[in-house]
Amino acid sequence: MAKSPNRLSASEAVRRMGEKRLKARDLVEACLDRIEQREGQVHAWEALDPEGARKRADLLDKRAKPIGPLHGVPLAVKDIISTRTMPTTCGSPIYRDHVAGFDAACVTQLVKAGALVLGKAVTTEFAGAHAGKTHNPHNLRHTPAGSSSGSAAAVADFMAPVGYGTQTAGSVIRPGAFNGVVAYKGTYGWADMTGVKTYAKSLDTLGFFAREANDLALIRAAYGHEAAAPVMEPPRIGLIRTPWWDLAEPYNQKNILEAVRALRAAGAKVREWQAPEDWTGLMQAQHRIMTKEATQSYAPERKRFPHLLSPVMQQGMIDGDAVTARQYADAKKRKKVAVAQLDDAWEKFDLLLAPSAKGEAPAGLGNTGDPVFNRFWTLLGTPCIALPFNTGPFGLPLSVQLIGKHGSDDQLISWARWVESRLS
C-alpha cells in the first residue's frame with residue numbers, strides 16, 4: 001500500500017514532486033488532514049495558515065521546474081520565530097496577540113528554497129522550562145520535551161515533514177530523542193538568528209526536525225551548503241560516556257552500547273574517548289551563562305509584566321541575578337578551555353557518539369525532561385544530530401547522539417546517513 005504523502009520524508013517528497021508524481025497541494029492537504037485527525041490529542045500547533053499554505057502550494061505546482069531544494073515542503077515554525085502574518089506568542093500570555101509583521105531570516109531562507117509555512121508550532125514559555133500544551137504523539141500521557149516540543153511532535157506525528165527548532169540547553173536534540181525523529185542542532189552561529197526571540201545570545205542555536213538524515217542535507221542546501229561526499233570508508237567513532245553517564249537509565253546505557261556493537265559490526269572503528277576531568281564544571285558553566293544572559297534578554301518583560309511570567313521563568317531570572325560578573329567570566333573561560341580540549345578528540349575520531357537523553361520521555365506533561373546530555377554540547381557550540389534507535393521499556397523512542405567538529409556540519413550529516421543506514 002502506498003504511503004500517504006504526509007508520511008514521506010522531505011527528500012522523497014521533493015523527489016516525487018520533481019518527477020511530477022506528487023503535487024505540493026496534495027502534500028499540503030495530506031498534512032492538513034492529519035492535523036485535523038490528531039491535533040485535538042497532540043496539540044502541536046499554536047496557529048495554522050491552511051489557506052496560505054494551499055495558495056503557496058498551488059503557485060508552486062504551476063512552476064515548470066522546482067524553485068529550490070525544498071520545493072513544496074510544508075514547514076512547522078517554532079513559535080519564538082517571527083512570521084509575517086501569524087502570531088508569534090513565544091508561549092507567553094504577554095505576546096498572546098503579537099504579530100511581528102515580518103518573517104525571520106531563517107523563515108525567508110527556506111521559503112526562498114521552496115518551502116511553505118504550514119503554521120506555528122507550540123513552544124514552552126520563551127523557550128524555557130515551563131511546559132507548553134503539546135503531548136508526546138507516541139503516548140499522550142508523556143512529555144514531548146521542551147522547548148521545541150510542537151515542531152518535534154508535528155514531525156513525529158506526520159503533520160509536517162520538517163520543523164524548525166532552537167536549542168539553548170537541549171531543546172532540539174532532546175525533543176528529537178523523545179519523539180523519535182531525526183534532530184539537528186547546527187554549529188553555533190551557523191544561521192542568521194534575526195527574528196528569533198533571544199534567550200541567551202551566546203548559546204541560542206537554530207536546528208531542525210526531519211524524518212531521515214538525508215533531509216538535513218536538503219535543508220542545509222537551502223542555506224547554500226553543498227552536501228559532503230558520501231562516506232566511502234567506515235568512520236572512526238569516539239564513544240563518549242561523558243561525566244554524567246551514571247545519570248542515564250540503565251536500559252539507555254545498554255542501548256548506546258548496542259549501537260556501538262552494531263556499528264563495529266558494520267566496520268566502524270569505535271573506541272572510547274574519555275572526557276577531561278574538569279568537564280564536570282561545564283554543566284554549571286552553561287547554566288550560569290544561560291540564566292545571566294536571560295536576565296538581559298527578558299529585562300523588559302520582567303519589568304513590565306512580572307505577573308505574567310511563570311514561577312519557573314521567574315526562578316530562572318533569580319538564578320541569573322545571582323551570577324556575578326566573575327562567575328560569568330569563569331564560565332566563559334571554562335567553555336574556551338573545553339573547546340580547545342576537544343581538539344584531542346578530532347585528532348583521533350571523525351565523530352563522537354553519546355546519549356541524546358537520559359532515557360525515554362518521562363510521564364506527565366509538566367516535566368519536559370533533563371537536558372543533562374545536551375547542555376555542555378550546546379555550551380561548546382558543536383554540531384549535534386539525534387538519530388532514533390530502538391525503544392525503551394514503555395515502548396517510547398530511544399536515540400543516539402552524534403557530535404562533530406565545529407563547522408563540520410555537512411560532514412557530520414554524511415556520517416549520520418552512514419550510521420542511520422547501519423542502525424536501521
Side-chain angles (χ1 to χ4, degrees), residues 129 135-139 141-149 152-153 156 165 167 169-185 207 209 213 237-266 268 270-275 279-280 282-283 286 349 351-378 382 384-404 415-416 419-420 422-424:
H135 298 238
N136 190 307
H138 297 277
N139 187 321
R141 295 186 297 273
H142 288 247
T143 181
S147 62
S148 309
S149 48
Q167 181 160 307
S171 295
V172 171
I173 298 301
R174 195 170 78 264
F178 284 179
N179 291 277
V181 294
V182 175
Y184 158 75
K185 178 202 78 73
F209 303 98
I237 301 175
L239 168 62
I240 174 169
R241 297 176 191 251
T242 80
W244 304 277
W245 176 256
D246 289 343
L247 296 179
E249 298 289 350
Y251 62 79
N252 198 31
Q253 293 178 1
K254 290 179 181 179
N255 192 57
I256 296 295
L257 298 179
E258 181 182 337
V260 167
R261 288 192 292 272
L263 295 174
R264 280 178 176 154
V270 187
R271 294 181 292 121
E272 289 210 36
W273 187 70
Q274 191 71 38
W279 274 30
T280 54
L282 294 184
M283 206 69 70
Q286 188 276 342
F349 305 109
L351 68 154
L352 298 177
L353 174 70
S356 298
K358 290 170 70 173
E360 291 177 303
L365 302 182
N367 175 13
T368 62
D370 188 343
V372 63
F373 290 107
N374 318 122
R375 282 187 186 276
F376 58 100
W377 296 123
T378 308
T382 56
C384 302
I385 295 173
L387 295 177
F389 181 58
N390 288 334
T391 55
F394 292 97
L396 293 169
L398 296 177
S399 176
V400 298
Q401 182 174 194
L402 310 181
I403 301 98
W415 292 127
V419 171
E420 180 183 61
R422 272 64 180 183
L423 295 184
S424 59

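- Checked by atom type and distance alone, the side chain of His138 pairs as donor or acceptor with a backbone atom of Asn179 at under 3.5 Å.
- Scored by the side chain to side chain contact (heavy atoms under 4.5 Å, CB included) test, His142 finds Asn136, Asn139, Ala361, Ala363, Leu396 as partners (sequence neighbours excluded).
- Listed by chain and residue number, nothing satisfies the side chain to side chain donor-acceptor pair (under 3.5 Å) test with Thr143 (two or more places apart in sequence, or in another chain).
- Remark: Ser148 engages Lys78, Ser171, Val172, Phe209 in a side chain to side chain contact (heavy atoms under 4.5 Å, CB included) (not counting sequence neighbours).
- Here Glu420 pairs with Val182, Glu212, Ala213, Leu387 under the side chain to side chain contact (heavy atoms under 4.5 Å, CB included) rule; sequence neighbours left out.
- For the side chain to side chain donor-acceptor pair (under 3.5 Å) test, residues two or more places apart in sequence or in another chain that qualify with Trp279 are Gln341.
- Applying the side chain to side chain donor-acceptor pair (under 3.5 Å) rule to Asn390 yields the partners Asn255, Glu258; only residues at least two apart in sequence or on another chain are considered.
- In terms of the side chain to side chain donor-acceptor pair (under 3.5 Å) criterion, residue partners of Ser399 (sequence neighbours excluded) are, by chain and number, Ser356.
- The list of salt bridge (charged side-chain N to carboxylate O under 4.0 Å, His left out) pairs with a residue in residues 238-252, not counting sequence neighbours, reads Arg241-Glu272.
- Residues in residues 366-375 take part in these salt bridge (charged side-chain N to carboxylate O under 4.0 Å, His left out) pairs, two or more places apart or across chains: Lys358-Asp370.
- Remark: Ala262 engages Leu423 in a side chain to side chain contact (heavy atoms under 4.5 Å, CB included) (not counting sequence neighbours).
- With sequence neighbours excluded, no residue forms a ring pair (Phe, Tyr, Trp, His ring centres under 6.0 Å) with Phe373.
- Tested against Cys384, the residues Asn374, Leu402, Ile403, Thr378 include a single side-chain contact (heavy atoms from CB on, under 4.5 Å) partner, Ile403.
- For the ring pair (Phe, Tyr, Trp, His ring centres under 6.0 Å) test, residues two or more places apart in sequence or in another chain that qualify with Tyr184 are Trp190.
- Taking OH of Tyr251 as the start and OG1 of Thr391 as the end, the distance is 10.5 Å to the nearest 0.5 Å.
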